[in-house]
Every structure is written in structure tokens, then in C-alpha cells.
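Keep in mind the model is a prediction, meaning the values are calculated, not measured. Residue numbering restarts at 1 for every chain, and letters A, B, ... go by the order of the sequence lines.
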Number of protein chains: 2
Amino acid sequence: MAMDDRKFRILQAIIDDYILTAEPVGSRTISKKYDMGLSSATIRNEMSDLEELGYLDQPHVSAGRVPSAKAYRLYVDQLLEQGTLRNLDEETVRAHFTGRAHQMEDIIDQAAQVLSTMTNYLAVVLPPSGRPPVIRNIQLVPVATGSALVVIVTDTGIVRDTVIRYNGQLSSDTLYAISQALTQELSGKTLPEALEVLPEVSRRVGDNADLLRSLSGFLGERKEKGRKPHVAVGGTSRMLTLPEYSDMERVRNLLSLVEARDRLASIVRQNGNVQFTVRIGPESGIPEMENCSIVTATYSTYSGQQGTIGVIGPTRMQYQKVISVLSSMGQQLTELFGHEDGHAGPGDSSDERRHS
Amino acid sequence: MAMDDRKFRILQAIIDDYILTAEPVGSRTISKKYDMGLSSATIRNEMSDLEELGYLDQPHVSAGRVPSAKAYRLYVDQLLEQGTLRNLDEETVRAHFTGRAHQMEDIIDQAAQVLSTMTNYLAVVLPPSGRPPVIRNIQLVPVATGSALVVIVTDTGIVRDTVIRYNGQLSSDTLYAISQALTQELSGKTLPEALEVLPEVSRRVGDNADLLRSLSGFLGERKEKGRKPHVAVGGTSRMLTLPEYSDMERVRNLLSLVEARDRLASIVRQNGNVQFTVRIGPESGIPEMENCSIVTATYSTYSGQQGTIGVIGPTRMQYQKVISVLSSMGQQLTELFGHEDGHAGPGDSSDERRHS
DNA sequence: GTTAGCACTCAATCAAGGTGAGTGCTAACT
DNA sequence: AGTTAGCACTCACCTTGATTGAGTGCTAAC
């Protein structure tokens with residue numbers, strides 16, 4: 001016995017209904033609500049077949065049927081194939097996501113916010129990452145006697161800054177001179193490379209050994225740990241309204257996942273070059289995500305770095321909606337970061353980008 | 001009838017027991033577990049009095065008694081008076097809170113983490129704020145053609161940065177010259193003040209009207225919205241293990257509060273100059289916090305700015321522990337920020353501070 | 001003033017029975 | 001051969017009622 005067209009249509013109806021209600025679906029419901037022109041008995045036979053084929057599960061004998069992960073997989077694959085769903089939410093996303101902010105973090109926060117309100121699920125947005133950033137400019141700004149702010153502008157537009165301290169006093173002009181020297185020597189290099197050549201540079205620049213040692217220490221630390229990236233999350237509380245989270249155990253699971261940002265990031269992060277990933281239930285291989293689906297998309301920056309945006313929800317997720325919204329958001333982030341200044345947002349207050 | 005010493009001791013026992021078990025406390029429990037040398041009947045009489053005095057509530061007639069907000073208030077006041085509890089957790093806090101980080105945000109994140117693990121409640125840490133920061137130094141760092149990073153170093157050590165764009169090309173040296181001029185003119189001023197005099201400065205500096213307009217726009221925006229401060233939160237998932245959060249409704253309340261960081265901040269933020277605040281249940285005046293207590297403490301920076309750290313938990317909170325931990329943490333943050341560089345953490349890798 | 005004793009209350013627990021949604025199977029129908 | 005009506009069966013869920021036990025308030029004796 002194989003999957004024929006009628007079986008598929010019935011399966012689809014079951015999935016649709018289950019996504020809507022979160023209740024096991026009975027044969028009578030399908031026969032009546034989705035008029036297939038078939039009696040419940042016939043549906044019943046087909047459902048029995050579908051169960052045998054592994055597309056349906058039965059919580060217990062006198063309950064309706066529930067779609068299996070395999071069913072969702074089929075459903076989603078079919079959705080993606082026909083590809084009609086894209087861009088349905090394009091405009092709504094544009095309307096809510098202004099991207100009008102100066103800091104990268106604000107932007108991804110806002111993106112997560114929009115994603116979660118539009119989908120009603122948990123949204124995660126990871127900042128761009130990828131190949132190591134290349135130094136463009138180093139600037140030392142006097143803060144107080146004996147301390148300076150190090151600003152490193154990289155090609156990704158991400159600015160890393162910290163205060164270092166040194167002995168003695170250096171004038172603003174001296175610091176500028178050192179900055180220029182450092183920029184000269186180090187621009188075009190990645191952070192680890194810069195760290196390597198720093199001693200040599202230090203010799204050449206000469207008499208500020210102390211300051212350069214501090215700088216070196218800072219770079220070294222950064223190399224090891226990296227700045228832990230800011231992971232934006234939205235919609236946690238919204239998830240709790242879903243019936244699947246009336247179970248405390250699951251809520252706790254979800255919450256501790258959300259709290260462990262780095263773990264969350266590693267779960268969501270998408271490798272490879274596909275535009276989309278849909279991982280349904282156990283496909284993710286993550287034990288506590290058995291009942292969740294993870295849909296991710298990517299966006300990219302002008303410098304070729306890649307970021308991930310993702311939505312986590314129950315397996316009975318509104319896949320069409322989620323995929324459509326993610327797709328639009330991915331596109332818009334790509335647009336937003338697709339410009340030379342790297343940092344986001346129209347610094348001037350022009351409104352062009354929305355229509356470009 | 002008034003509160004006498006015996007009544008007080010009984011009340012204390014009830015509170016202690018309720019804090020421990022979260023179950024209504026019966027007369028027999030008090031008589032046996034806390035040997036008062038009194039029979040349950042006597043305790044019962046006293047409890048009846050205590051109820052009449054408003055210190056105890058009875059969920060229903062055949063249940064034990066539960067301390068009222070008034071009881072906790074008395075209990076806490078008494079704790080604070082005797083003041084013996086301070087510094088009990090000093091060492092543990094020191095051990096877990098290294099404060100070893102370059103970014104302010106990392107530090108307050110870590111502080112929230114430590115607070116929540118040590119108390120098992122929800123911890124909130126607000127960055128220092130207070131009088132408006134005064135500009136010390138302005139620096140424009142070239143990022144790409146037509147765009148520059150604005151770094152403003154303020155006396156609070158907090159660095160605000162953003163990329164602005166302008167027409168045309170300016171060399172690194174030109175930008176430096178402008179930076180110097182701006183620093184000259186604007187240092188010592190607050191942001192709003194700077195915004196006011198900027199047009200004038202613009203005239204004097206001359207031919208870079210476009211850039212200065214961008215800068216002015218940026219400052220104006222900042223003035224309005226301010227950079228939304230980073231509010232660190234820790235221990236959300238830990239709260240769910242408490243029996244009072246087996247109710248979904250409450251969990252949702254808590255969660256949406258945690259998600260609305262600004263609201264959370266306004267709840268926790270402590271005004272006035274007291275070292276401590278303990279708000280018990282309805283005292284906070286916040287409807288959804290009726291069953292919660294909020295304990296806050298402050299820390300301050302060398303520049304006189306003040307930050308708040310707080311713990312939110314059920315009214316039957318372990319007040320002693322919480323107060324002690326908050327106290328130690330506040331002290332340590334004050335120490336940490338009590339130095340000229342404002343930005344935190346030993347930039348060098350010396351270990352001195354832990355013993356200073 | 002303290003305590004033992006007793007009647008009383010009431011949430012919580014559990015078993016028993018009823019209900020209804022849903023199934024699987026069979027036999028009749030097209 | 002596919003479809004459908006009918007029927008027996010299953011089982012989660014709800015209701016009901018009885019039981020239990022923690023806890024109280026009151027009274028009378030110490």
C-alpha cells in the first residue's frame with residue numbers, strides 16, 4: 001500500500017486541524033469539517049493506512065490521530081516545493097521592522113521582537129559571524145590619566161572596545177600618533193594575526209612598551225574567549241499560552257534553554273549555505289527538543305558574514321507562516337547589512353531604504 | 001491584647017517554618033519542631049491572637065496559618081535592627097563574583113548570575129545611572145568612505161558609540177582635528193548642553209557642516225531616547241522550581257515581566273539614598289507583585305552614579321540570606337566601580353583587588 | 001495561665017460509575 | 001472494488017461519594 005493523492009489530502013487535513021487545535025483529530029471531524037465527500041468510515045480506513053505508513057500516531061486507542069514527525073516532514077517538503085508561500089508577509093514585516101537603530105544589538109533585538117510577535121513562537125536572532133573580522137582601524141582615545149579606550153573598527157563594522165590601562169601619561173596627540181602607527185601596521189590583519197606581529201610593532205613604535213603590553217593582553221584575551229555574542233530572544237512568554245506548555249516540566253526546559261544563551265545559539269545556528277532549515281521534532285537530535293521544531297534562515301552582510309534567525313515552536317507549528325516571515329526577515333536583514341558602513345540603520349534620517 | 005515576647009517568638013517560628021516549607025503551619029508543628037515548652041493548645045490560643053492582630057492568615061478553617069505581609073514586615077525590621085546578618089556571605093560572593101571582565105555589561109550579567117545562584121531567586125542588576133554624564137572626549141574614527149564612528153567618552157566611563165555618515169571624504173587626520181576641536185569645545189558639558197552649543201561650534205569649525213549635522217542628529221536622538229540601558233537578569237528558570245510557581249498564571253506574569261526589561265527596571269530601581277529597600281508583597285504597590293517581595297540594594301561608582309541590584313522572590317523569601325548576599329554584592333560592585341577608569345575590571349591581570 | 005480532650009471543618013485523595021469521542025470490524029450497498 | 005452504515009469496544013475524562021487527616025475552637029480540668 002502506498003501513499004496516493006487522497007491519502008495525502010486527508011493527511012493534510014489532519015495536520016491542518018491539529019495545528020489549529022492541538023487536539024487529536026478524529027475521522028468524523030475530517031469528514032465533516034473538511035468536506036472530502038467521504039464518510040467517516042472511509043476516512044477511518046485511510047487513517048489506519050496512514051498510521052501503518054508511519055504518518056500518524058495514536059495516543060491511545062479511543063483518541064483521534066496525531067501527525068508524526070514524518071508527516072510534518074512531508075507536509076513541509078511539499079510546502080517548500082510549491083514555494084508559493086514566500087513574500088506573503090513581506091509587507092507586514094517591513095511595516096513592523098524598521099531597522100532604525102544605531103547599534104547592531106538593538107537591531108537584532110528588534111528583529112527577534114518582530115519575529116516572535118508575528119509568529120507567536122520563540123524567536124532567536126544571532127548576530128553575523130563567520131570568518132574572523134579584519135582590522136581596519138585602531139584608535140586609542142584618552143579616558144583618564146593612565147587609561148585609554150581602545151576602539152577597533154573591523155571590516156564587519158563591529159566595533160570592539162575596552163579600556164586599557166598603562167603607566168604614565170600620554171597626551172591625546174601621542175595617543176593619536178600611536179593609533180595611526182598601529183592602524184598602519186595592523187590594518188588588513190585579523191585579530192590573531194595582529195597579536196602575533198604586535199611585539200615587533202611594539203619594538204618599532206618604541207617607548208610605550210607598557211601600553212602595548214596592555215593592548216596585547218587585551219587582544220590575547222579576546223582571541224581566546226571572543227566577545228560572547230549578543231543573542232536576541234523574543235516571545236518566551238508568548239510560548240506559555242500554547243497548550244503544549246501547560247506542562248511545567250516543559251516550561252522549565254524551555255526557560256533554562258532560553259537562559260543558556262550560548263547553548264541556544266548553538267542549537268539555532270545554521271551551518272552550510274542553504275537559505276532555510278526546517279528541523280522537525282527529533283530531527284534536531286536534541287533530546288529536549290523532541291516536541292519542538294526549529295526553523296532557521298540566514299542573512300548575510302556585505303562583508304560575507306552570515307547571521308542566523310530562527311523560530312522555535314511546537315512540532316505542530318504554523319510552518320507556512322513561520323517560513324514566510326523568516327524568509328522576509330532574512331531578506332530585510334540582508335538588505336540592511338548589505339551596505340558598506342556595516343553598522344546598521346540610516347545614520348541620516350532618510351527613508352530611502354524601505355523602498356530600495 | 002498586645003504583642004508580647006512569647007507571641008513574637010511563636011510568630012518567628014511560624015515564619016521560619018513557612019519560609020522553609022511553603023505550607024500552612026499548624027500549632028502542633030510549632031509545638032513539636034520548635035520546642036517552646038508549650039503544648040499545641042497554648043500555641044493555638046496564641047496563634048488565634050496573632051491572627052486577630054493581623055499577623056497571620058488562615059487559608060481556610062482547617063488549615064494551618066500563613067504569615068501575613070505585616071508579619072514579614074515585623075520579621076524583616078527585626079532582622080535589620082539586630083544587623084548581625086551582614087557579611088555572612090561576603091566570602092562566598094567574592095569567590096564566585098570575580099568581576100573580571102572588560103565590558104560593564106559582562107560584569108552586571110555576572111553579578112546577576114551570582115545573585116540568583118546564591119539566593120535561588122530572580123536577580124536583577126541595573127547599570128549605574130544618575131545625573132547625566134558629562135562629556136570628556138569626543139573622537140571620530142574613520143570606518144569607511146563617508147562614515148565615521150563617533151566615540152564619546154563620558155566621566156562615567158560609559159562609552160557611547162555609533163556610526164554616522166556624511167557626504168564626501170575626510171582623511172583620518174582631518175577627523176582627528178575635528179575631534180580635537182569638538183573635545184575642546186564640548187568637554188565638560190552634558191549631552192543636552194552639547195547639543196545646544198553644537199550649531200555654534202559648527203560655525204566655528206567651518207566647512208564640515210554635513211558631518212556636524214549628522215552628529216547633531218545623533219545627539220538629539222540620544223537625548224530623547226537615551227540608550228536603553230542593559231538590564232541583567234538571572235535565575236528566571238530557578239524560580240519555577242518554587243511551589244508558588246506551579247500555577248501557570250503566575251509563571252506567565254513573571255515571564256512577561258522579565259521580558260519587559262524597562263518595566264522590570266522601573267520596578268527594581270531604588271530611589272533615595274538608603275542602602276536597602278525591602279518591599280513586601282502589596283507594599284510595592286504593583287498589582288502582579290502581590291505575592292512577591294522585592295529586596296534591593298545599591299552600589300555606586302567613583303563618579304557618584306548609582307546602580308541598583310535587586311532580588312525578586314515570593315513573600316516567603318529567605319530574607320536573611322538575600323539581604324546578606326545583596327549587601328555583599330553591593331559592596332563589591334562599589335569597590336569594583338570605585339576607580340578612576342570607570343570601566344570595570346583589572347585591565348592588567350593583577351589580582352590585587354580581591355584583597356584590597 | 002496551661003493543657004488535655006473532643007467535636008467539627010474542610011482540602012485532598014481515591015475508587016466507582018457514567019459519558020462520549022473515537023476506533024476497528026463486518027456486512028451491505030453501489 | 002471501493003464506500004458506507006452499523007455496532008461493539010476501548011479508554012480518557014468527569015462526576016460523585018466516601019474516607020482520611022491535618023488542623024482548629026472550645027470546654028473543662030489541672
Return the value, rounded to whole Å, for the distance between atom CG of A:Asp57 and atom P of C:dG22.
17 Å
Base of D:dT3, side chain of A:Thr42 - is there a donor-acceptor contact under 3.5 Å?
no
To the nearest angstrom, the CZ-P distance between A:Arg44 and D:dA5 comes to 10 Å
B:Glu51 CD to D:dG23 P, straight-line distance once rounded to whole Å
15 Å
The Watson-Crick or G-U wobble partner of C:dG17, with both key distances under 3.5 Å, is D:dC14
Between B:Asn45 and B:Ser62, which has a closest nucleotide on DNA chain C that is more 5'?
B:Asn45
Looking for any heavy atom pair under 4.0 Å, which part of the strands does A:Ala41 touch: base, sugar-phosphate only, or nothing?
base
Output yes when a side-chain donor or acceptor of B:Thr42 lies under 3.5 Å from a complementary backbone atom of B:Leu38, and no otherwise.
no
Where the side chain of B:Ser48 meets the backbone of B:Arg44, is there a donor-acceptor pair that is under 3.5 Å apart?
no
Grab the CZ-P distance between A:Arg65 and D:dC11 for me, whole Å please.
14 Å
Short side-chain to backbone donor-acceptor contact, A:Lys33 and A:Ala13, under 3.5 Å:
no
How close or far is atom C1' of C:dG22 from atom CD1 of A:Ile30, stated in whole angstroms?
13 Å
dist B:Asp77:CG -> B:Ile280:CD1 (nearest 0.5 Å) comes out at 7.0 Å
Assign A:Arg28 to base, sugar-phosphate, or nothing according to its heavy-atom contacts below 4.0 angstrom with the strands shown.
nothing
Please determine if a side-chain N or O atom of A:Ser39 lies less than 4.0 Å away from the OP1 or OP2 oxygen of D:dT4.
yes
May I ask which nucleotide in the shown strands pairs with C:dA27, Watson-Crick or G-U wobble, both distances under 3.5 Å?
D:dT4
Rounded distance in Å - CG (B:Asp49) to P (D:dT24)
14 Å
Derivation and outcome, side chain to side chain donor-acceptor pair (under 3.5 Å), residues B:Tyr319 and B:Ser293
CA-CA 9 Å; B:Tyr319 292 97; B:Ser293 283; 2.7 Å; yes
Which nucleotide in C:dC10, C:dT23, D:dT10 has an atom nearest any side-chain atom of B:Val61
C:dC10
Could you check how far NZ of B:Lys33 sits from P of D:dG23, rounded to whole Å?
10 Å
By the 4.0 Å heavy-atom rule, please label B:Ser40 as base, sugar-phosphate, or nothing.
nothing
Grab the NE2-C1' distance between B:His60 and C:dA12 for me, whole Å please.
9 Å
